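Note that these values count all heavy atoms, side chains included, but never hydrogens, waters or copies made by symmetry. Counting begins at 1 with the first residue of the sequence. Predicted, not measured: the structure shown is a model, and the values here were computed from it.
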Amino acid sequence: MAFPPVLLIIAATVTACAVSASTTSFARYAACQSTLKPKLLPTLFCPAGTIYVSQTDGGAHFTSVQAAVTSLPNDTSPRFILIGSGTYQEAVNVSRPGPTTLLGQTDHPASFERNLVTIFNTTYINQTTQAVSTQDNADSAVLTVAPNKYAAWTGQGYYGATPVPIPDQFGCTDFKAYNINFENRAANGGVGPALAVGIGFVNASFYASTFRGMQDTMFIGKNGSAVFRKSQVLGSVDYIYGFGTAYFDQSTVGTRGAGCVTAWKGTPNYTNTYGAYFSQSSVVRAPDANPTLDLTGMQTLGRPWNNLSVVVYMDSFMDSTVNPFGFQIWSPTDPRNETIFYAEQESHGPGFNASARVSFDHLLTVKEARQNFTIEKIFGERPDWVDWEF
């Protein structure tokens with residue numbers, strides 16, 4: 001069996017620029033995130049210099065997450081922000097080159113279902129009236145992690161008609177977020193691209209966090225590498241899309257309407273590998289989907305944004321919302337399935353039907369998956385910018 005050439009393109013950005021693993025343990029984060037005695041947390045239980053954000057605590061440094069982010073020095077020092085329980089309506093943009101960690105206050109750090117912090121916005125892109133030269137899907141994001149807005153653009157951006165310089169240190173940046181819900185609530189969805197998160201030229205990881213939207217919930221862009229551990233992504237149309245590298249570990253993806261989980265594009269002109277990878281995860285009906293909708297068979301695992309698309313599911317549960325075909329072509333007149341690589345290893349549940357899967361879905365053995373799609377194979381090494389203790 002021929003495996004995708006993308007795996008031979010070792011992630012030079014990650015290898016050359018990986019940030020040293022944090023010495024702060026999961027237990028220390030849990031103490032910092034606790035709701036007990038919040039006024040004392042930044043000084044007693046959090047990493048030195050932690051900034052505290054709260055809408056209700058008069059002892060907080062800021063009432064806005066973005067104000068706290070803006071206050072951080074534009075250098076390579078590690079910085080931490082503790083966000084007090086509550087709902088924050090704002091867009092958060094992180095562009096500093098140094099390691100940055102957002103901690104959502106919670107007493108149950110292992111469970112995204114019990115998160116106490118939500119950041120949301122309602123911005124979306126109307127593709128009918130969109131000004132292509134000045135607007136991009138990235139302009140709708142609730143959270144953006146990139147050196148500038150163009151680095152996270154879906155369209156022109158860095159390699160467009162007018163290239164925008166990207167600082168050399170980007171690709172080395174380490175961003176983390178714990179126990180935060182990122183939601184794009186644009187007219188309850190169905191109005192066009194409305195991102196919960198967009199990243200580019202960065203190493204980012206998320207823990208027990210949720211991302212909610214409808215169309216284009218999550219974008220992993222140019223030279224973007226992202227790992228999601230014990231997290232949740234909800235949407236309907238191409239709700240996980242991009243052309244960077246995304247790895248979902250013990251996470252849940254759920255459909256809120258008929259559509260497709262992934263739309264991925266291969267981009268060999270960038271220095272990272274690319275593809276969307278799911279390990280020990282679940283593909284299910286979203287818990288907040290409209291109860292009147294019959295979503296049986298209405299969700300496919302992916303469609304190719306171009307002919308170099310790579311998507312792999314490993315040891316993952318699939319409920320009845322997953323179409324028996326599994327993956328799909330782009331369109332009848334433009335199938336784009338000649339040189340893509342779509343695969344599954346030990347998918348299970350009512351949504352898996354080996355005999356019905358499309359011909360371009362590779363059904364892998366455990367040995368084949370381990371030889372080609374471990375976290376080390378995907379990123380070229382075991383990423384030390386990921387908190388493996390979580």
Side-chain angles (χ1 to χ4, degrees), residues 6 9 11-14 17 91-97 100 123-125 127 130 132 134-175 177 182 184 192-206 211 213 215-228 233 235 237-248 261-277 302 304-306 308-311 378-379 383 385:
V6 61
I9 308 173
T13 297
V14 175
C17 303
V92 177
N93 299 292
V94 181
S95 59
R96 67 184 301 269
T100 305
T123 304
Y124 71 96
I125 301 299
Q127 292 177 309
Q130 176 183 8
V132 176
T134 58
Q135 274 192 311
D136 185 88
N137 292 5
D139 294 315
S140 69
V142 176
L143 171 69
T144 302
V145 187
N148 55 46
K149 66 181 265 185
Y150 302 103
W153 270 32
T154 302
Q156 296 182 49
Y158 184 54
Y159 286 104
T162 306
V164 178
I166 304 298
D168 290 340
Q169 68 267 30
F170 268 82
C172 306
T173 298
D174 171 2
F175 173 85
F182 299 96
N184 196 314
L195 276 65
V197 63
I199 75 167
F201 288 83
V202 68
N203 297 330
S205 55
F206 299 84
F211 306 85
Q215 180 177 341
D216 301 347
T217 301
M218 171 183 291
F219 175 63
I220 311 301
K222 307 173 185 70
N223 269 14
S225 295
V227 171
F228 302 85
V233 188
V237 179
D238 302 339
Y239 57 99
I240 300 174
Y241 80 112
F243 31 82
T245 305
Y247 183 88
F248 298 84
V261 177
T262 64
W264 221 260
K265 177 187 288 188
T267 51
N269 53 324
Y270 302 125
T271 56
N272 67 334
T273 55
Y274 55 84
Y277 306 89
W305 195 0
N306 73 357
L308 296 175
S309 184
V310 177
V311 180
I378 293 168
F379 288 99
W385 43 268

Quiz item: In Å, rounded to the nearest 0.5 Å, how long is the span from CG of D238 to CH2 of W305?
Solution: 9.0 Å
Quiz item: Hey, mind stepping through N148 and F201 against side chain to side chain contact (heavy atoms under 4.5 Å, CB included) and telling me if it holds?
Solution: CA-CA 10 Å; N148 55 46; F201 288 83; over 6 Å; no
Self-check item: Distance in Å, Q215 CD paired with N184 CG, rounded so as to fall on 0.5 Å steps
Solution: 11.0 Å
Quiz item: Can you tell me if Y241 and N137 form a side-chain donor-acceptor pair at under 3.5 Å?
Solution: yes
Practice problem: Measure the shortest side-chain to side-chain distance between D216 and Y239 over non-hydrogen atoms and say whether it is less than 4.5 angstrom. | Solution: no
Quiz prompt | For A152 against A138, the heavy-atom pair lying closest together | solution = O-CB, 3.3 Å
Practice problem: To the nearest 0.5 Å, tell me how far L195 CG sits from T217 OG1. | Solution: 7.5 Å
Practice problem: Mind listing the closest non-hydrogen atom pair of Y274 and G266 along with its distance? | Solution: CE1-CA, 3.1 Å
Self-check item: Test side chain to side chain contact (heavy atoms under 4.5 Å, CB included) applied to F182 and L143, step by step
Solution: CA-CA 7 Å; F182 299 96; L143 171 69; 3.8 Å; yes
Exercise. Taking the side chain as every heavy atom from C-beta outward, state whether F211 and F228 have any pair of such atoms under 4.5 Å apart.
Key: yes
Quiz item: Do T245 and T273 get their side chains close enough for a donor-acceptor pair, meaning under 3.5 Å?
Solution: yes
Quiz item: Of the non-hydrogen atoms in T154 and F243, which two are nearest, and what is the gap between them?
Solution: O-CZ, 3.7 Å
Self-check item: Side chains of Y247 and Y277 in contact at under 4.5 Å (non-hydrogen atoms)
Solution: yes
Quiz item: Does the pair F379 and W385 meet the rule for a ring-ring contact (aromatic ring centres under 6.0 Å, His included), with working shown?
Solution: CA-CA 11 Å; F379 288 99; W385 43 268; 5.7 Å; yes
Exercise. Any chance you could lay out the side chain to side chain contact (heavy atoms under 4.5 Å, CB included) test for F175 and V94, step after step, and finish with the verdict?
Key: CA-CA 9 Å; F175 173 85; V94 181; 3.9 Å; yes
Quiz item: Between F248 and M218, which heavy-atom pair has the shortest distance, and what is it?
Solution: CZ-SD, 3.7 Å
Quiz item: S95 and P147: which non-hydrogen atoms are nearest, and at how many Å?
Solution: CB-O, 3.5 Å
Exercise. State, yes or no, whether a side-chain contact exists between I199 and F219 at a heavy-atom distance under 4.5 Å.
Key: no
Quiz prompt | Side chain to side chain, Q135 and I125, heavy atoms closer than 4.5 Å | solution = yes
Quiz prompt | Student check: side-chain heavy atoms of I220 and W264 closer than 4.5 Å | solution = yes
